[in-house]
2 protein chains.
Amino acid sequence: MKPIVREYLDTLSGLSPLSPQTRELLLNCISTRTISKGELLLEHGEVCKHIYYVDKGLMRIFYYKDKRDITEWFAGDKQFLFSVRSYFEETPSKLIIEALEDSEVILLSKEKQEVLIKTNLEVANLMIKAFSYSLILSQKRMESIQFESAKERYVSLMEQQPEIIHKAPLQYIASFLGITQETLSRIRSKI
Amino acid sequence: MKPIVREYLDTLSGLSPLSPQTRELLLNCISTRTISKGELLLEHGEVCKHIYYVDKGLMRIFYYKDKRDITEWFAGDKQFLFSVRSYFEETPSKLIIEALEDSEVILLSKEKQEVLIKTNLEVANLMIKAFSYSLILSQKRMESIQFESAKERYVSLMEQQPEIIHKAPLQYIASFLGITQETLSRIRSKI
DNA sequence: CATTCCATTTGACATTTGTCAAAAAAAGCA
DNA sequence: TGCTTTTTTTGACAAATGTCAAATGGAATG
């Protein structure tokens, strides 16, 4: 077993305890992918069939709104990501996932995981934890967008995910914050 | 068993199949509460220990930001709601839940539900579905807030939850949309 | 029915953010 | 290194939304 897969299973165990037997079962749901800067992990129109985990690197999840590219989320080292609506509703994804750096990603197959949760309590409890955690993140992001000014959101981002500020181009950060790049540039110059 | 509890169990079964035995077990996690207009279902600072289901009525979830009252969500007939972060993180809730009408609410105890999911696969799968569904809702709301104008958000609300427009005071709708009541009033007058 | 209390609307003006164009800076490539 | 392309910054102005104050309207109450 690759060391990064072992570490990944450890991470999952950290969410909810997993016995050696269950870890063995999960191995069968897991694959890894090396992806180069600029490549897509999930294309527009594709159904999202995995939950991704960025072992190392930086991914961006975005979509097009009126031909304009809008960043919805960044995921750096040791973070999970997936196209929520496509994954659950099994519909073509409007969201696109691209690598902003050469990255190493671990994929958890939805199909296989869904077979497991029907029979394995540990995996079921793991998924409950995973989705709960996603829900908290989504909630935090919602609160941030709804009632912070552009400047406050930028400051929050600097505090919470400083690596994004350094690694991602300004235009991506701007759309993530829900503002134009000009506005972000001006905010930046005043800090 | 009260008929509304039976219907509630049917609703849950609709999310993920539940055997008669499991329904019996869930009964022990369920309580009901009648709540009058203006009363609070969850107070500020209280830890949210239930997932609520509005059998009949209308609830509002809100918080105070700089002494200003901000509506985060409405839940009408047959909808679920809870204070996400307080529930999962078991922290004092910043969110307050109040009844905008006399309502009938069903409560699902977190404590008892968490015991069940450790041993019962059906309940575990039910919770997975429930949280997945919440995650989709949260995601949709996020998309709406992030990249629709105030006017678009108002139109979406009219389409998706028209009863809110009729039942809730304008000021609550305005903060839910992330705008001031004056702006909403002006948007309204132009439609 | 009159009065009081809120909720809503309107007006005038301020602030924030967006748009478009151009300049400057940085990054990529021959 | 020098050239080209892309990204970021800056300026001028427009549009959207916020703020504050006052006017209006409606509901509740004595």
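Keep in mind that what you see is a predicted model, and the values were worked out from it rather than measured. Protein chains get the first letters and strands the later ones, always in sequence-line order, with residue 1 at the start of each.
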- Please state whether the rings of F80(B) and Y8(B) are parallel, tilted or perpendicular, taking 30° and 60° as the class boundaries. tilted

- Which nucleotide sits closest to the side chain of E182(A): dT9(C), dG18(D), dG11(D)? dG11(D)

- Item | Rounded interatomic separation in angstrom, taking CD1 from I187(B) and P from dT8(C) | 15 Å

- Item | Whole angstrom value for the distance that separates C1' of dA27(C) from NZ of K37(A) | 9 Å

- Query: CG of L100(A) versus C1' of dT6(D): gap in Å, rounded?
  - Reply: 16 Å

- Query: Rounding to a whole Å, what distance do you find between R153(A):CZ and dT16(C):C1'?
  - Reply: 12 Å

- Query: Rounded to whole angstrom units, what separation is found between the OH atom of Y172(A) and the P atom of dT6(D)?
  - Reply: 12 Å

- Nearest-nucleotide pick for R186(A), side chain only, options being dT10(C), dT9(D), dG11(D): dG11(D)

- Task: Could you pull out the closest heavy-atom pair between I128(A) and A124(B), with the gap in Å?
- Result: CD1-O, 3.5 Å

- Message: Using the side-chain heavy atoms of Q171(A), tell me which of these nucleotides is nearest: dT10(D), dC20(D), dT8(D).
- Response: dT8(D)

- Message: Is the phosphate of dT19(C) approached by R68(A) (side-chain N or O, under 4.0 Å from OP1 or OP2)?
- Response: yes

- Note on the structure: In whole angstroms, the gap separating P of dT10(C) from CG of L184(B) amounts to 12 Å

- Message: Please pick, from dG28(C), dT10(C), dT8(C), the nucleotide with the shortest atom-to-atom distance to any side-chain atom of P169(B).
- Response: dT8(C)

- Query: Salt-bridged, E104(B) to K56(B), with N to O below 4.0 Å?
  - Reply: no

- Note on the structure: note: R188(A), atom CZ; dA26(C), atom C1'; distance rounded to Å ~ 13 Å

- Task: Report yes if at least one side-chain N or O of T180(B) is closer than 4.0 Å to OP1 or OP2 of dT17(D); otherwise report no.
- Result: no

- Does the cation-pi check pass for R141(B) over F176(B), that is, NZ or CZ under 6.0 Å from the six-membered ring centre and within 45° of its axis? yes

- Task: Quickly work out the I179(A) CD1 to dA16(D) P distance and round it to whole Å.
- Result: 19 Å

- Take T183(A) and T183(B), find for each the nucleotide of DNA chain C with the closest heavy atom, and name the residue whose nucleotide sits nearer the 5' end. T183(B)

- Work out which heavy atom in L12(B) is nearest to a heavy atom in L126(B); give both atom names and the distance. O-CD1, 3.4 Å

